[in-house]
Every structure is written in structure tokens, then in C-alpha cells.
Amino acid sequence: MSVGTNTSNMIRDARVLQDEFLPREVGHRDQEMNALTRALDPVTRNEPAETAFLFGPSGTGKTCLARFALARLREAVLDLNYQYVNCWQDYTRFRALYRILEAIGSTADIHRQSTPTDALLERLEAYDGPEFVVVLDEVDQLQDHDLLYDLYRTVGVSMVLIANSEEELFARLDNRLVSRLHASTRIRFEKYELDELVSILDDRVRWGLDVEAPRDRLVAIADAAAGDARVAIGILRSAARQAEGTEVDGIGMDTIRTAIPAGRTEVRRRNVEQLTPHQRVLYDIVHDHGTVTPGELYEEYRERVEEPRSDRTVRNHLSKLAHYNLVEKHGDGRGRTYHHPE
DNA sequence: TGTCCACTGGAAATAGAGGCCG
DNA sequence: CGGCCTCTATTTCCAGTGGACA
């Protein structure tokens, strides 16, 4: 509590409001935690774990729970090796394997443009340390699903796979993989209920802020987040930052109301900054129009850019923009339109 | 109902940037 | 240096989807 100061020092521990923050306990996910712990349990005896699949919409705690379970496991198994791979960033077989090898420290002499991917796999196969747990997040973004097959066959490597949709992922895997992975543990995550989100927010406020947060304010945030914990915490972060130094007695309802869109635009701005020039042009076109048909979009893109890429490449860019919520796709086939999200 | 066709996204081919080695 | 190798981005190819319209 800040007492008797004009400019409040509201944020006590900013880390608590970051996406990467890992709480000491994970609430509202007991069943899921038990299932994952059971799947990973053999690792404590240095035996291969059951492959675990975590499915569910974004912001439902899949990544958080996986990291949490591994941190727990690490307490029980001192020399545990594990690596977390985000397949959106490392989407080629080469890059994902490279990331995996980083965890066992054998990447020093690997060069991007001269080492064959198979050589990376050979290194992983040569690994003979304790059971190695690999978490593949956003695994449906992997360009080459053979990597899953490679890892599945590699002795001493256990997998935790994370994806949004079970159906979509399995539809894209070939049969030998589907049948092999059929026996794995599948864990479904549902969107958080309103009161669950409120209690998650309440924890973060108690750990990270030096103010009381009346329940109705947290409810307002949770309501706007629609079951997505990442969005909820983003709004809280944005509100706390706005309120810091200006509000003496906590976060006001008005601050929260402006933080709801501010949380979204903040994320969007960060993402826009990372776009390539071509992607940026596409984003601008959709932004300028609000709603645009694919034909108009391609045409205008070709006008605005010196050396336009092919339509197929443009579609790849648009998929990327859609994943980062920078554009929305509506409809399919001939009825497709692109929208600027609001 | 059937045909047309704008549009999609998977898969394979290709180009090009850059390291390695004699 | 020049030939050979790799990865990555992009293009090429194409079967499939679903509005529009007779």
C-alpha cells in the first residue's frame, strides 16, 4: 500500500504482468495438470514419457501448464533435460532441430548454410543423456511434419505437443504418424470461466501491484477478455501502466475502459513493427479499406509495391498477418474477405 | 440443379544467398 | 577463386471450395 504519497508507485513487480511469468501455482487446471504429470511421470525413472497433446484455444493455459509441469519435473529430476520450441518462430525442420539441440549444448559448430538437417538429427540421435523432454508449441505451424516422426523415433526423446485444434492438426498429419500417436495422452483446454479469470487477475494484482482491486473492476477486465487469460492480463498490465503515477487510489473504472482497447493496440503495434515491408503494405491496405476482397487486395498491392511478389506469396503473408490478429479472414472460397480487426 | 470461376492452401520445384574446401 | 553444398523464400502447379447465376 502506498500511503501519503502523491504519485503512487503502483506496480511492485512488473514481471508478474508479463506473458512469460510463471506462477508458483496454476489454478483451475487440476485435471489437466494431473493428466500431464501422469504422462510425464516415467521421466522420473529415466524412462520415455507418454507423448502428450495439449489442445485448446489461445489463452487457455496450455503453454503455461506445460512450462509449469516441466519446472515441477525439474525439481524431482535433477539432471532433466528439456527444451521449449515455438514452432511459429522455428517452423522449418532445421530451425526446430537447431533449437532442440541448443538445450543439450551441441550447436556451437553448426552453421545455417552448410550443415544438412540430417546432421542435426544425427546429433540428437547420438544424445545419450537422461530422458529429454521436447515441448513443441504451435506444432501445427511446422512446415514439415516429418520432424514429429523423427522425434518420435529418437530414443531418449519425449514430446509434449501443443496446438489449437486437434482436428486440424490430425487432418494434416499422415497416417503412419496418426496411428503411432493415437495412444498418446490428449488433454483438452476450455476457455476460462468468468470467475476463474477474475481469480487469476486477483492473484496477479496481489503479487504484482500495490493496490487493492475491487472485484467489479476485475470482472470488467475478465468480461472483456472473453475467456482468454493472456488478453485479460494484457488489459490489466495496460491499465496498471496507465494508472501508475497518475492515480493515487488504485485503478479506476475509466482507466480499465480505456485499457481494454489499449491492450489490443499495444500488442498489434508490437507485431506490426516486426513485419517485412511487403507484409506491412498488405497490412496498410487492409487497414485503409476496413474490408477488402482478395482481388482488390492483390491489385492494390501490385500498385503500391516496386517488385510485387506472386499472389501465392501474398496469401502466405496474409496467413501470417491473420495469425497475429493484424487482419481477419471471413468466409472461404469465393466468398473470402479480409478485414481490419477492431 | 449444374456450370462457372474467383479464391484457397498444400506440395513440389526453383532461385539465390552464403559457408566450405581444394 | 570456383564448384559444391545447404537452407530459406518464393514461385509454380493444382485439386478443392463455395458463391453467383442460368
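In what follows, every heavy atom counts, from backbone to side chain, and hydrogens, waters and symmetry copies are set aside.
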(message) Would you say that A:His339 contacts A:His330 through its side chain, given a criterion of any heavy-atom pair below 4.5 Å between the two side chains?
(response)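 Side-chain contact under 4.5 Å: yes.
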(request) Indicate, with a heavy-atom threshold strictly under 4.0 Å, whether A:Tyr98 touches base, sugar-phosphate, or nothing. (result)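 Nothing: the residue A:Tyr98, judged by heavy atoms under 4.0 Å, touches no strand.
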(message) With the threshold set at under 4.0 Å for non-hydrogen atoms, list the residues of residues 325-334 of chain A touching DNA chain B in residue-number order.
(response)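 Residues of residues 325-334 of chain A under 4.0 Å from DNA chain B: A:Lys329, A:Asp332, A:Gly333, A:Arg334.
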(request) Please list, by residue number, the residues of residues 335-342 of chain A whose heavy atoms come closer than 4.0 Å to an atom of DNA chain B; answer none if no residue qualifies. (result)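 Heavy-atom cutoff 4.0 Å gives A:Arg336, A:Tyr338.
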Look up atom [atom1] in [X] and atom [atom2] in [Y], then write down how far apart they are to the nearest 0.5 Å.
X        : Y        : atom1 : atom2 : value
A:Ile235 : A:Thr255 : CD1   : OG1   : 13.5 Å
A:Leu136 : A:Gln141 : CG    : CD    : 12.5 Å
A:Glu138 : A:Leu169 : CD    : CG    : 12.0 Å

How close or far is atom [atom2] of [N] from atom [atom1] of [X], stated in whole angstroms?
X        : N      : atom1 : atom2 : value
A:Phe94  : B:dG18 : CZ    : C1'   : 13 Å
A:Asp146 : B:dG10 : CG    : P     : 16 Å
A:His317 : B:dG9  : NE2   : C1'   : 15 Å

Judged by modelled atom types alone, do [X] and [Y] share a side-chain donor-acceptor pair under 3.5 Å?
X        : Y        : result
A:Glu50  : A:Ser184 : no
A:Glu300 : A:His289 : yes
A:Lys329 : A:Thr337 : no
A:Ser158 : A:Glu131 : yes

Just the atom pairs and distances: protein N or O near nucleotides 11-13 of chain B's N or O, under 3.5 Å.
none

(request) Could you tell me from which nucleotide to which nucleotide of DNA chain C, 5' to 3', there is an atom under 4.0 Å from chain A heavy atoms? (result)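 Footprint of chain A along DNA chain C, 5' to 3': C:dT6 to C:dG19.
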(message) For the aromatic rings, using the six-membered ring if either is Trp, is the centroid distance between A:Phe132 and A:Tyr82 under 6.0 Å?
(response)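 So the answer is no for these two rings.
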(request) Verify whether the ring centers belonging to A:Tyr283 and A:His340 lie closer than 6.0 Å. (result)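 Yes - the distance between ring centres of A:Tyr283 and A:His340 falls below the 6.0 Å cut-off.
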(request) To the nearest 10°, let me know how far the axis at one end of the helix from B:dT1-C:dA22 to B:dG22-C:dC1 is tilted from the axis at the other, five pairs an end. (result)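 Comparing the first five pairs with the last five, the axes sit 10° apart.
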Going by atom type alone, with no hydrogens or angles, which donor-acceptor pairs under 3.5 Å involve a side-chain atom of residues 202-209 of chain A and a protein atom two or more places apart or on another chain?
unit_1   : atom_1 : unit_2   : atom_2 : d
A:Asp203 : OD1    : A:Arg206 : NH2    : 2.5
A:Arg204 : NH1    : A:Val16  : O      : 3.0

(message) Just to be sure I understand the geometry, which residues of residues 162-169 of chain A put a non-hydrogen atom under 4.0 Å away from DNA chain C?
(response)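 Within residues 162-169 of chain A, no residue comes under 4.0 Å of DNA chain C.
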(message) Contact list please: residues 272-305 of chain A against DNA chain C, heavy atoms, distance less than 4.0 Å, in numerical order.
(response)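 Listed by number, there are none.
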If you look only at distance, which donor and acceptor atoms sit under 3.5 Å apart when one is on a side chain in residues 30-41 of chain A and the other is two or more places apart or in another chain?
unit_1  : atom_1 : unit_2  : atom_2 : d
A:Asn34 : ND2    : A:Asp30 : O      : 3.4
A:Thr37 : OG1    : A:Met33 : O      : 2.7
A:Asp41 : OD2    : A:Arg45 : NH1    : 3.0

(message) With a 4.0 Å cut-off on N to O distance, would you call A:Asp195 and A:Arg215 a salt bridge?
(response)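 Judged by the 4.0 Å cut-off on N to carboxylate O distance, A:Asp195 and A:Arg215 do not form a salt bridge.
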(message) Does this structure show an ion pair linking A:Asp284 with A:Arg280, if we count only N-O contacts that are shorter than 4.0 Å?
(response)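 Counted as a salt bridge, because a side-chain N and a carboxylate O are separated by less than 4.0 Å.
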(message) Consider side-chain contact (heavy atoms from CB on, under 4.5 Å). Of A:Thr60, A:Val139, A:Leu161, A:Val160, which one does A:Leu54 pass it with?
(response)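 Only one of A:Thr60, A:Val139, A:Leu161, A:Val160 forms a side-chain contact (heavy atoms from CB on, under 4.5 Å) with A:Leu54, namely A:Val160.
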Selection [range] - residue pairs positive for ring-ring contact (aromatic ring centres under 6.0 Å, His included), sequence neighbours left out:
range                       : result
residues 85-123 of chain A  : A:Trp88-A:His323, A:Trp88-A:Tyr324
residues 139-184 of chain A : A:Phe53-A:Phe170
residues 261-280 of chain A : A:His278-A:Tyr301

(request) Start with the C-alpha distance between A:His317 and A:Leu275, add both sets of side-chain angles, then the distance that settles side chain to side chain contact (heavy atoms under 4.5 Å, CB included), and finish with yes or no. (result) CA-CA 9 Å; A:His317 288 334; A:Leu275 298 178; over 6 Å; no
(request) Would you name the heavy atoms of A:Val77 and A:Thr44 that are closest together and state the gap between them? (result)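 Scanning both residues, the minimum pair turns out to be CG2-CA, 3.6 Å.
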